[in-house]
Amino acid sequence: MLPARGQSGKKSIIWAVRTTWETVGDGEFFCAECGGDRNYRRLTGRRRLTVLGVPLMSRGSQGPVVECAACQSHFGLDALDHPTTTRFSSMLRDAVQTVALAVLAAGGSSSRTATAVAASALRAAGLDDCSEEQLGILVEALSADADADPCGVALSIELHEVLGPLAPHLAPAGRESILMQGARIALADGPYRPAEREVLAAVGGALALCEDDTARLLAAAARTPS
């Protein structure tokens with residue numbers, strides 16, 4: 001901007017480059033500035049040279065950006081990659097459920113102790129109406145599928161589909177907690193079975209935990225009294 005002094009001695013703006021924003025989309029996102037879920041507008045801008053407030057010449061485009069409807073802060077489009085609080089809670093519930101079912105299926109559906117521990121973990125994750133009977137039915141179905149997929153390819157794919165998108169948004173302690181929940185379910189009825197170890201190793205990999213960390217955590221869980 002180029003300021004100039006008027007007769008009163010006050011500075012006035014002769015020319016400036018201003019941006020005119022246009023809304024091209026909207027939705028809900030997690031605003032890092034507000035610290036919660038907010039509505040947003042997706043904006044693209046056109047920069048123009050103005051003289052005495054009159055637009056004269058285009059100076060190119062700007063954006064696109066994401067503008068929070070509450071605080072008006074602008075963010076890059078990567079802000080939309082962060083899940084909303086509601087979506088994050090749903091992803092976390094799905095992760096806990098998937099891990100619990102995978103471990104139960106690997107250990108067999110006959111252990112009421114392991115099923116009870118799994119049901120408790122699922123209720124704590126927000127699935128309030130989860131019962132041991134419901135889990136038993138689901139585990140039996142998964143066990144039948146496992147018989148048709150002895151190499152565990154389908155299970156590995158499912159774990160990565162559910163846990164992979166969640167892992168980048170969890171601190172290391174959060175990823176470790178999900179693995180440890182699975183370990184406690186496996187250990188509820190005795191030492192790890194080979195199939196349970198394989199499933200838990202796959203869980204660690206899907207959560208972006210290295211093999212050494214996964215092995216360390218599983219060993220620590222086995223040493224912890226239930």
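No experiment lies behind these values; they were computed from the predicted model shown.
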Expected list for residues 88-107: side-chain donor-acceptor pairs under 3.5 angstrom, two or more places apart:
from: Ser89; atom 1: OG; to: Thr85; atom 2: O; distance (Å): 3.0
from: Thr98; atom 1: OG1; to: Asp94; atom 2: O; distance (Å): 2.8

The side-chain contact (heavy atoms from CB on, under 4.5 Å) partners of Thr84 (sequence neighbours excluded) come to Glu28, Asp37, Thr86, Arg87
Arg38: side chain to side chain donor-acceptor pair (under 3.5 Å) partners, not counting sequence neighbours: none
For Thr113 and Ala188 the tightest heavy-atom approach is CG2-O, 3.3 Å
Should Asp213 and Leu179 count as side-chain neighbours, where that means a heavy-atom distance under 4.5 Å? no
Kindly state each residue pair satisfying ring-ring contact (aromatic ring centres under 6.0 Å, His included) with at least one member in residues 163-185, sequence neighbours excluded. His82-His169
Smallest heavy-atom separation, Pro191 atom then Glu196 atom, equals O-OE1, 4.0 Å
Return the minimal non-hydrogen interatomic distance between Leu135 and Ala119, and the atom names on each side. CD1-N, 3.4 Å
Taking every heavy atom of Val65 against every heavy atom of His74, the minimum-distance pair comes out as CG2-ND1, 3.8 Å
Has the side chain of Thr115 got a donor or acceptor atom that lies under 3.5 Å from a matching backbone atom of Ser111? yes
Going by the rule salt bridge (Lys or Arg N to Asp or Glu O under 4.0 Å), which residues pair with Arg41 if we only count those two or more places apart in sequence or in a different chain? Glu67
Residues Leu207 and Arg175: closest non-hydrogen pair is O-CD, 2.9 Å
For the atom pair CG (Leu170) and CG (Leu163), what is the distance rounded to the nearest 0.5 Å? 9.5 Å
Counting heavy atoms not belonging to Glu211, are there more than 12 under 6.0 Å from its CD? no
Under the ring-ring contact (aromatic ring centres under 6.0 Å, His included) rule, what pairs show up with a residue in residues 176-211, not counting sequence neighbours? none
Cluster membership besides Tyr40, Ile/Leu/Val/Met/Phe/Trp/Tyr side chains within less than 4.5 angstrom, sorted by chain and number, is Phe29, Val66, Phe75, Leu77, Leu80
Salt bridge (Lys or Arg N to Asp or Glu O under 4.0 Å) filter on Glu132, not counting sequence neighbours, yields Arg112
Can you name the nearest heavy-atom pair linking Ala201 to Thr214, along with the distance? CA-CG2, 4.2 Å
So salt bridge (Lys or Arg N to Asp or Glu O under 4.0 Å) across residues 176-188, not counting sequence neighbours, yields Glu176-Arg216
Could you measure the distance from the CG atom of Leu187 to the CE atom of Met180? Nearest 0.5 Å is fine. 9.0 Å
